[in-house]
Q: 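Take this structure, written in structure tokens, and hold onto it; I'll ask about it next.
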Amino acid sequence: MRAAVLHEIGQDKLEVLDDVEAVGFGPGKVRLRIRATGLCHSDVSAMSGVLPQPAPFIPGHEGAGEVVDIGDGVTGLNTGDRVLVCWLPACGACPSCKRGQTQLCLAGFMNAGTPNFKRPGGDVFGFAGTGTFTEEVVVDAGCAVPIPDDVPFEIAALIGCGVTTGLGAAINTAQVEAGSSVAVIGCGGVGISTIQGARVQGAAQIVAVDPVASRREAALRFGATEAVSPDELADAKQRITAGEGFDYVFEVVGKSATARTAYENTRRGGTLCIVGAGAMDDNFQVNMFELFFDEKRILPSMYGGGDVLRSYERAIALWRAGRIDLESMITHRVRLDGVNDALDQMRTGESLRTCIEL
Ligand SMILES: [Zn+2]
Ligand SMILES: [Zn+2]
């Protein structure tokens, strides 16, 4: 079958090959036919080595499709079911799952070190234990989450990562209060979802911060009350908060420099929410005096910062009610052969989300 493979970490192009096989099918597993997959910034970060990932590998962790084969012992799924791919399946039994923090369950990561594809040349890994830039993938049954009939594959795919991450940061983690002031630094797909989450929560001002003009324009369509470039942020802070700082600042880039900017633009006693996925050798610094004296709450948010299945259901409910716009987040569409164009669009900031149709 066809799949897009990265041969070595650090390369910036994928090779679309037709000699790839999805392996590992057996008890507790399902085989999926992927129909749509989004390109998430984490895929690019895994390719460049910012996020740890063994190679060669197939990127993609934001996908949706149909169940085509069911392993022994799998309950609650049938052949033909429409599902989205959850890259962080909850085991249901560990302390995190029992607390309702399924986004912190590590059981799924045990699979990330096991290759789930192969080629004549050898084993191929899937990103984050999934790998959706492919026609078929074998995953744990817990990674296949049934979706209602009215949710198109391309919308379900977005809910599988970017939308859940961004909405959840505003709703679950920061719990943005009605009437508050918000700044969102980084306005790709996740940042746009954070803006939509802040709007759902009733924020009065939502300032989108991004160096790319097309993303600033997009942010205004999704609920930002104004959009500025990074060097205009200080002025916006002065105008909107009389210099005090925003009630909530979301860092959706994944770099210590932007996290520091976010910290400095958060008011004393306000909330800095870290949403971006960054590197292990990039350290965020806060001195002990400001930490205690300014009482800013630093809240990291992983995959929406709450129960993952509940977050999916909420995203679907908000979308169905017209309270969030997911269709317009898909700015580009390609077939698998166009995956390198999609990567370029993401690197230049031209796209919010590119949907790869399979
Ligand atoms: Zn668990
Ligand atoms: Zn992602």
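In each ligand, atom 1 is the first atom listed, and ligand 1 is the first ligand listed.
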Q: For K296 and T266, indicate whether the former's side chain and the latter's backbone hold a donor-acceptor pair under 3.5 Å.
A: yes

Q: May I ask you to test the M346-L343 pair for a side-chain heavy-atom distance under 4.5 Å?
A: no

Q: Could you name all protein N, O or S atoms found under 2.8 Å from the Zn ion (ligand 1)?
A: C91 SG, C94 SG, C97 SG, C105 SG

Q: Looking at E177, I'd like to know if its CD atom is crowded, meaning that more than 12 non-hydrogen atoms belonging to other residues, nucleotides or ligands lie closer than 6.0 Å.
A: no

Q: Is it true that some N/O/S atom of C161, main chain or side chain, lies under 2.8 Å from the Zn ion (ligand 2)?
A: yes

Q: Which pairs pass salt bridge (Lys or Arg N to Asp or Glu O under 4.0 Å) with one or both residues in residues 347-358, sequence neighbours excluded?
A: E62-R353, R333-E357, D344-R347

Q: Give every donor-acceptor pair under 3.5 Å between a side-chain atom in residues 63-81 and any protein atom, sequence neighbours left out.
A:
unit_1	atom_1	unit_2	atom_2	d
E66	OE1	R35	NE	3.0
E66	OE1	R35	NH2	3.2
D81	OD2	N78	N	2.8

Q: Could you list the donor-acceptor pairs under 3.5 angstrom formed by side chains in residues 97-108, with sequence neighbours left out?
A:
unit_1	atom_1	unit_2	atom_2	d
T102	OG1	D307	OD1	3.4
T102	OG1	V308	N	2.9

